[in-house]
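Inspection log for the structure reproduced underneath, given as structure tokens.
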Amino acid sequence: MRPAPNRHRRATDAARRGFTLVELMVVVGVVGIGMALVTSSIDSLLPKERLNTGVREMTAVLRDTRSQAIGRGLEFFIEYDLTEERYRRVTPFVLGGGRFDPESDEESERVFGEWSNLPDGVEIESVGMSGEVYTDERVFARFDPRGAASDHQVVLSQPQYENYYTIEVLALTGTFKFHRGIFLREAPNDGDFE
């Protein structure tokens with residue numbers, strides 16, 4: 001025969017299977033502290049990643065604009081709007097078809113690409129072109145059908161973290177160089193060619 005179960009023992013075991021309110025509060029507190037640490041770690045990594053994303057996205061638009069100029073055998077432009085922190089492609093076409101003619105067509109008839117915005121916290125610090133530095137206006141850079149481009153440097157920044165990155169577009173080849181920090185090339189002078 002089996003011994004009769006101890007009812008007192010069964011009630012105690014059932015009470016021990018659950019969590020007390022204090023134990024639950026400790027677990028929630030530990031999870032909260034863990035989440036705070038993970039969130040702060042992610043936030044410290046995101047600023048640089050946002051700047052890198054801005055550089056990659058702008059470079060992709062620049063490369064594609066150069067490719068369009070070469071592939072179509074026509075002159076394309078990039079318009080940098082330093083006031084609004086954005087940029088877009090300017091095509092040689094007009095709405096409804098045909099090529100843009102500055103003598104007979106209105107600028108509003110020209111086909112423009114969509115504005116590209118930079119990631120949150122990233123700004124266009126400046127655009128350097130032909131020895132001039134532009135900081136608060138619209139600047140146009142040209143890409144021609146042979147692959148050449150307006151020699152210019154675009155400095156992207158994160159003012160809150162004092163991070164800077166420069167995309168340099170080389171004149172003869174239309175290719176790119178990348179520089180951490182601020183890099184603005186001076187315009188050549190007569191002494192450079194002696």
Side-chain angles (χ1 to χ4, degrees), residues 2-68 78-90 112-129 133-141 149 152-170 174-186:
R2 254 190 215 168
N6 185 346
R7 291 181 190 199
H8 183 282
R9 183 173 166 203
R10 210 185 306 161
T12 307
D13 288 344
R16 289 186 183 178
R17 285 188 210 145
F19 292 105
T20 65
L21 182 57
V22 172
E23 290 171 328
L24 283 174
M25 289 179 68
V26 168
V27 169
V28 168
V30 168
V31 168
I33 290 171
M35 290 299 292
L37 291 174
V38 168
T39 303
S40 67
S41 296
I42 289 173
D43 283 345
S44 67
L45 294 174
L46 283 181
K48 287 183 182 177
E49 188 54 37
R50 285 186 182 136
L51 181 60
N52 291 340
T53 298
V55 169
R56 281 191 304 270
E57 290 173 351
M58 183 177 282
T59 303
V61 171
L62 293 170
R63 277 194 176 114
D64 189 55
T65 301
R66 179 178 180 268
S67 295
Q68 289 287 329
I78 289 289
E79 178 182 5
Y80 300 101
D81 183 353
L82 283 72
T83 305
E84 298 292 325
E85 310 295 342
R86 58 189 185 168
Y87 55 96
R88 67 179 173 179
R89 176 182 301 140
V90 180
F112 294 92
E114 293 291 321
W115 284 110
S116 297
N117 294 309
L118 295 165
D120 290 338
V122 178
E123 300 175 357
I124 300 175
E125 179 78 14
S126 64
V127 174
M129 188 179 297
V133 178
Y134 303 93
T135 58
D136 61 355
E137 56 215 75
R138 290 189 176 189
V139 179
F140 291 85
H152 66 284
Q153 305 84 41
V154 182
V155 178
L156 299 181
S157 69
Q158 285 180 297
Q160 181 179 0
Y161 301 99
E162 296 183 13
N163 291 332
Y164 299 91
Y165 206 97
T166 303
I167 303 169
E168 180 182 14
V169 182
L170 302 174
T175 55
F176 311 96
K177 283 188 175 180
F178 303 96
H179 307 274
R180 287 215 178 275
I182 298 173
F183 175 84
L184 295 170
R185 188 177 298 278
E186 293 181 15

For [X] and [Y], work out which heavy atoms get closest and say how close.
X	Y	value
A149	L170	CB-O, 4.2 Å
S126	V133	CB-CG1, 3.8 Å
L118	Y87	CD2-CE2, 3.9 Å
Y165	L51	CB-CD2, 4.1 Å
R66	G174	CD-O, 3.1 Å
V155	F183	CG2-O, 4.4 Å

### Task
Using atom types as modelled and distance alone, determine if a side-chain donor or acceptor of T135 lies under 3.5 Å from a backbone N or O of L82.
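No, T135 side chain to L82 backbone: no donor-acceptor pair under 3.5 Å.
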### Query
Do any N or O atoms from the side chain of E85 and from the backbone of I124 form a donor-acceptor pair under 3.5 angstrom?
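At least one qualifying donor-acceptor pair exists.
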Side-chain contact test, heavy atoms from C-beta onward, threshold under 4.5 Å: evaluate it for [X] versus [Y] and give yes or no.
X	Y	value
E57	S116	no
V55	F178	yes
I78	L62	yes
Y80	R88	no

### Residue that, paired with R185, satisfies side chain to side chain donor-acceptor pair (under 3.5 Å) out of H152, Q153, E168
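Output: one option passes, namely E168.
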### R89/D64 ion pair, N-O < 4.0 Å
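Counted as a salt bridge, because a side-chain N and a carboxylate O are separated by less than 4.0 Å.
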Can you tell me how far [atom2] of [Y] sits from [atom1] of [X], rounded to the nearest 0.5 angstrom?
X	Y	atom1	atom2	result
T166	K177	OG1	NZ	13.0 Å
I167	L156	CD1	CG	5.0 Å
R50	Q158	CZ	CD	8.0 Å

### Message
Set out, in order, the CA-CA distance, both residues' side-chain angles and the distance that settles side-chain contact (heavy atoms from CB on, under 4.5 Å) for F176 and R63, then state yes or no.
### Response
CA-CA 9 Å; F176 311 96; R63 277 194 176 114; 3.2 Å; yes
### Task
Give a yes or no on whether E114 atom CD has more than 12 heavy-atom contacts from other residues, nucleotides or ligands under 6.0 Å away.
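Atom CD in E114 is not packed in, count stays at 12 or less.
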### Task
Show your working on side-chain contact (heavy atoms from CB on, under 4.5 Å) between E79 and V139 and close with a plain yes or no.
CA-CA 6 Å; E79 178 182 5; V139 179; over 6 Å; no
### Message
I'd like to know if the side chain of Y164 pairs up with that of H179 as donor and acceptor (distance under 3.5 Å, no hydrogens or angles considered).
### Response
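The answer is no; no qualifying pair exists.
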### Query
Does a donor on one side chain sit under 3.5 Å from an acceptor on the other, for R56 and T53?
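Looking only at side-chain atoms, T53 and R56 do form a donor-acceptor pair, the distance falling under 3.5 Å.
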### Query
Does the pair E137 and T83 meet the rule for a side-chain contact (heavy atoms from CB on, under 4.5 Å), with working shown?
CA-CA 6 Å; E137 56 215 75; T83 305; 5.6 Å; no
Cut-off 3.5 Å, no hydrogens considered: what does the side-chain donor-acceptor table look like for residues 21-35, sequence neighbours left out?
{"from": "E23", "atom 1": "OE1", "to": "T20", "atom 2": "N", "distance (Å)": "2.9"}
{"from": "E23", "atom 1": "OE1", "to": "T20", "atom 2": "OG1", "distance (Å)": "3.4"}

